[in-house]
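Here is the structure we will look at.
Numbers restart at 1 for each chain; the letters A, B, ... are given by sequence-line order, proteins then strands.
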Amino acid sequence: MDIRQYINSAIQKLGAEVPFVELEVPRIARHGDLSTPVAMVLAKRLKKAPRVIAEELASILSAEAPFEKVEVAGPGFINFTFKRRFLYAELRALLNNPSRYLRKDLGQGQRVQVEFVSANPTGPLHLGHGRGAAVGAALANLLARAGYDVEREFYVNDAGRQVRLLGESIFARYKEILGVACPFPEEGYRGDYIKDLAADLLREVGERFKDSDFDLAGEYFIRFGVDRMLKLMEHDLRDFGVVFDRWQSEKALYDEGLVKKCLEELRKKGKLYEEGGALWFRATEFGDDKDRVVIKSDGSHTYFASDIAYHWYKIQRGFDELINIWGADHHGYVPRIKAVIRALGYPEERLGVLLVQIVTLLRGGRPVQMSKRSGEFVTLREVMEEVGADTTKFIFLTRSHDSHLEFDIDVAKKESSENPVFYVQYAYARINSIFRKAEEEGIQTGKEGDLNYLEEETEIGLIRKILFYPLMFEGAVRTREPHRITFYLQELAGLFHPYYNTHRVLGVEPAALTLARLSLCDAVKTVLKEGLSILGVTVPERM
RNA sequence: GCGCCUGUAGCUCAGCAGGAAAGAGCAACUGACUUCUAAUCAGUGGGUCGGGGGUUCAAAUCCUCCCAGGCGCACCA
């Protein structure tokens with residue numbers, strides 16, 4: 001259904017144009033099936049009264065095939081009512097080829113990289129990472145279905161101080177087990193998982209490092225810790241239903257000389273300078289608050305240095321668009337990375353940063369304090385096991401990414417019987433149940449039912465909702481907001497359940513009505529499945 | 001002090017490039033299972049959209065100031 005096309009061509013006939021035709025689904029039935037305020041937008045441009053423009057557009061549009069009625073109302077709204085025949089034909093089109101109907105090729109093969117989670121490999125993933133994972137994965141799925149060529153990447157901070165601290169922490173625990181005195185690093189990681197790692201490492205290498213210095217043994221301990229942490233994170237993410245195409249190592253950027261090469265590139269462009277023994281990037285030239293150090297006076301690189309190289313490398317790899325999903329606590333970092341993009345000679349829009357706001361975990365109505373260093377944090381795995389991956393993801397995707405999220409674990413569990421995710425899944429399971437029963441009764445469940453039998457107002461409402469999926473989809477893609485899918489699915493399920501309660505599909509007369517309703521159910525099921533799979537939520541055959 | 005995010009029903013949140021009379025879920029109350037799954041449905045109550053200005057034919061939505069909460073402002077990672 002491409003209604004905009006009709007409207008656009010009508011606007012052209014008036015000798016005007018508009019960048020975007022806004023369409024909305026009116027809340028009130030009297031206002032038709034679909035509505036546009038575009039005449040009011042045009043009023044200024046055409047220097048005519050909005051109602052006059054609306055009337056002109058309406059008279060052109062009322063001749064078009066899909067419309068039963070095209071009315072002008074209020075200050076200049078144009079309200080459309082579809083012909084039933086049109087709705088049936090559209091529904092038929094969807095049934096015949098769901099993915100063509102539901103997935104619009106908006107990306108046209110453009111290459112997009114979504115980088116998300118990218119947690120330091122120094123401890124288990126916590127709930128905040130889970131939110132990033134859910135949002136990133138859903139966004140990647142969404143874009144993939146919109147015709148983008150998507151890559152999902154996890155950036156591994158396996159160089160620098162944090163992983164060194166990880167190594168030192170394991171080292172200290174290792175010695176502790178062997179009864180060798182060794183001070184625990186000041187800012188080391190104190191979680192119990194470090195002790196487990198140390199014990200595992202001991203099992204693997206025995207007492208080989210009992211008397212070693214960290215300078216000597218460090219490399220091994222760091223490597224060991226990072227590998228184990230990466231495996232753990234990958235495993236947790238996999239169980240959460242999130243899989244990456246690529247894991248990019250920061251260390252590799254150094255080892256392969258990319259950091260050096262990139263800094264060289266910037267130097268050539270005159271965007272670096274030395275001062276006070278350090279090497280600086282002219283970030284202020286590109287809108288950042290201050291210039292930033294890339295190589296400290298002691299000769300070591302800042303994190304920023306590898307981040308510059310990383311983004312440069314990503315662009316080199318040929319992506320049309322980069323999307324970084326970051327925790328909101330990194331928002332101060334955005335201007336300097338954008339500055340880098342520009343300094344390297346690329347448009348700033350090449351990079352989009354989606355900031356995912358903080359998750360507060362409530363247990364027993366109280367916020368649970370989280371601090372990685374002290375080892376007090378709630379892991380993604382704990383929550384996943386306690387409330388389930390589907391519920392966890394759904395909760396994350398029922399908020400817009402820039403809204404602070406309160407994750408009340410008691411509510412998430414307690415409500416499990418009335419949880420929104422189950423509400424949607426249940427609709428799916430119920431439809432399956434109908435189809436199972438139909439097969440038992442030997443009813444042919446193909447999609448060929450004569451849709452003209454769908455005459456009830458609730459059925460028409462359901463059809464409309466289904467056919468508006470692409471409209472919602474487009475918006476979700478345009479704004480990069482997967483949570484719109486979540487709300488849509490709840491609304492769709494919210495139309496299906498009442499329908500189910502008041503209308504029987506099987507055993508009604510005439511038999512053709514059953515077939516028509518089966519087709520409708522099939523369409524609902526298809527859309528539910530499509531949406532849930534974008535969110536990464538499972539579709540249960542029965543519940 | 002500066003910057004970013006948030007402030008909508010008792011609670012958790014939507015509100016789709018400003019648009020027609022503010023929405024959902026939960027919680028509360030009242031009803032519905034000999035029928036394809038009651039993890040469901042029907043109904044009731046509940047809001048000065050943080051506050052003040054401004055722009056507009058039209059503002060929850062844009063601008064501005066203020067208030068409140070969160071998060072950032074390193075030759076840290």
What one-letter contact string describes nucleotides 71-77 of chain B from 5' to 3', where B marks a base within less than 4.0 Å of any protein heavy atom, S marks contact via sugar-phosphate atoms alone, and - marks no contact? BSSSBSB
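The partner of B:rG47 cannot be assigned: no Watson-Crick or G-U wobble pair with both contacts below 3.5 Å exists in any strand. In a base pair of the Watson-Crick type (N1 to N3 plus N6-O4 or O6-N4) or a G-U wobble (N1-O2 and O6-N3), with each distance short of 3.5 Å, B:rC41 is matched with B:rG31. Checking B:rC62 for Watson-Crick or G-U wobble geometry (two distances, each under 3.5 Å) identifies B:rG54 as its partner. Across every strand in view, B:rG25 sits in a pair with B:rC11 that passes the Watson-Crick or G-U test at under 3.5 angstrom. Using Watson-Crick or G-U wobble geometry with both donor-acceptor distances under 3.5 Å, B:rG3 finds its partner in B:rC71. B:rA17 makes up no base pair with any nucleotide shown, lacking Watson-Crick or G-U wobble contacts both under 3.5 Å.
A donor-acceptor pair under 3.5 Å is formed between the side chain of A:Lys338 and the backbone N or O of A:Leu351. Remark: side-chain polar atoms of A:His497 are not paired, donor with acceptor, to backbone N or O of A:Gly494 under 3.5 angstrom.
Nucleotides B:rG31 and B:rA68 place their P atoms 47 Å apart, quoted to the nearest Å. Between B:rG47 and B:rA42, the two P atoms lie 23 Å apart (nearest whole Å). To the nearest whole angstrom, the two P atoms, one in B:rA28 and one in B:rG23, are 24 Å apart. Comparing the same atom, P, in B:rC62 and in B:rC49 gives a spacing of 16 Å after rounding to whole Å. Between B:rA32 and B:rG50, the two P atoms lie 41 Å apart (nearest whole Å). The P atoms of B:rG54 and B:rU8 are separated by 24 Å, rounded to the nearest whole Å. When the C1' atom is used for both B:rG46 and B:rU12, the distance is 16 Å, rounded to whole Å. Nucleotides B:rA58 and B:rG18 are separated by 15 Å at their P atoms, to the nearest Å.
Within the nucleic acid shown, A:Asn79 comes within 4.0 Å of at least one base atom, counting heavy atoms only. At the heavy-atom level, A:Tyr500 lies under 4.0 Å from base atoms of the strands shown. Within 4.0 Å (heavy atoms only), A:Val294 reaches no atom of the nucleic acid at all. In this structure, A:Arg30 reaches the bases: a heavy-atom distance under 4.0 Å links it to at least one base atom across the strands shown. At a threshold of 4.0 angstrom between heavy atoms, the contacts of A:Ala43 with the nucleic acid are absent. Within 4.0 Å of A:Ile28, counting heavy atoms only, lies at least one base atom of the nucleic acid. Within the 4.0 angstrom heavy-atom criterion, base atoms lie near A:Ala73. A:Pro498 comes within 4.0 angstrom of the backbone, heavy atoms only, and of no base.
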Stepwise side-chain hydrogen bond (donor to acceptor under 3.5 Å, both in side chains) check, A:Tyr333 with A:Asp307: CA-CA 10 Å; A:Tyr333 219 71; A:Asp307 278 339; 3.2 Å; yes
Please report the C-alpha distance between A:Phe473 and A:Tyr488 in whole Å, then the side-chain angles of each, then the deciding distance to 0.1 Å, and finally whether the ring-ring contact (aromatic ring centres under 6.0 Å, His included) criterion is met. CA-CA 9 Å; A:Phe473 178 79; A:Tyr488 172 89; over 10 Å; no
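For A:Phe396 and A:His483, the ring centers sit 6.0 Å or farther from each other. Under the 6.0 Å cut-off for aromatic ring centres, A:Phe116 and A:Phe154 do not qualify, their centroids lying 6.0 Å or more apart.
Taking atom CZ on A:Arg542 and atom C1' on B:rC36, their separation rounds to 13 Å, with Å as the unit. Between A:Met543 atom CE and B:rU40 atom P there is a gap of 9 Å when expressed in whole angstrom units.
For A:Tyr428, no side-chain nitrogen or oxygen approaches OP1 or OP2 of B:rA39 to under 4.0 Å. OP1 or OP2 of B:rA14 has at least one side-chain nitrogen or oxygen of A:Ser400 nearer than 4.0 Å. At least one side-chain nitrogen or oxygen of A:Arg478 sits closer than 4.0 Å to the OP1 or OP2 atom of B:rA17.
Nearest approach of A:Leu166 to A:Ile194, heavy atoms of both residues: CD1-CD1, 3.7 Å. Contact record, A:Ser35 with A:Asn79: OG-OD1, 2.9 Å, taken as the closest heavy-atom pair.
With RNA chain B read from its 5' end, the first of the two nearest nucleotides for A:Phe407 and A:Phe435 is the one closest to A:Phe407. Residues A:Glu406 and A:His31 each lie close to RNA chain B; by heavy-atom proximity, the contact nearer the 5' end of the strand is made by A:Glu406.
Look at B:rC16: its glycosidic torsion is beyond 90° from 0, and that puts it in the anti range.
Within a 6.0 Å sphere centred on CD of A:Glu219, heavy atoms belonging to other residues, nucleotides or ligands number 12 at most.
A:His311 places a side-chain heavy atom less than 4.5 Å from the side chain of A:Ile337.
Relative ring orientation between A:Phe286 and A:Phe281 is described as parallel, the plane-to-plane angle staying below 30° on a 0-90° scale split at 30° and 60°. Ring geometry, A:Phe214 versus A:Phe171: the interplanar angle exceeds 60°, so the pair is classed perpendicular (tilted spans 30 to 60°).
Contacts between residues 481-489 of chain A and RNA chain B, defined by a heavy-atom separation under 4.0 Å, are made by A:His483, A:Arg484, A:Phe487.
Candidate nucleotides B:rG23, B:rC36, B:rA21 were compared by shortest atom distance to the side chain of A:Arg27, and B:rG23 ranks first.
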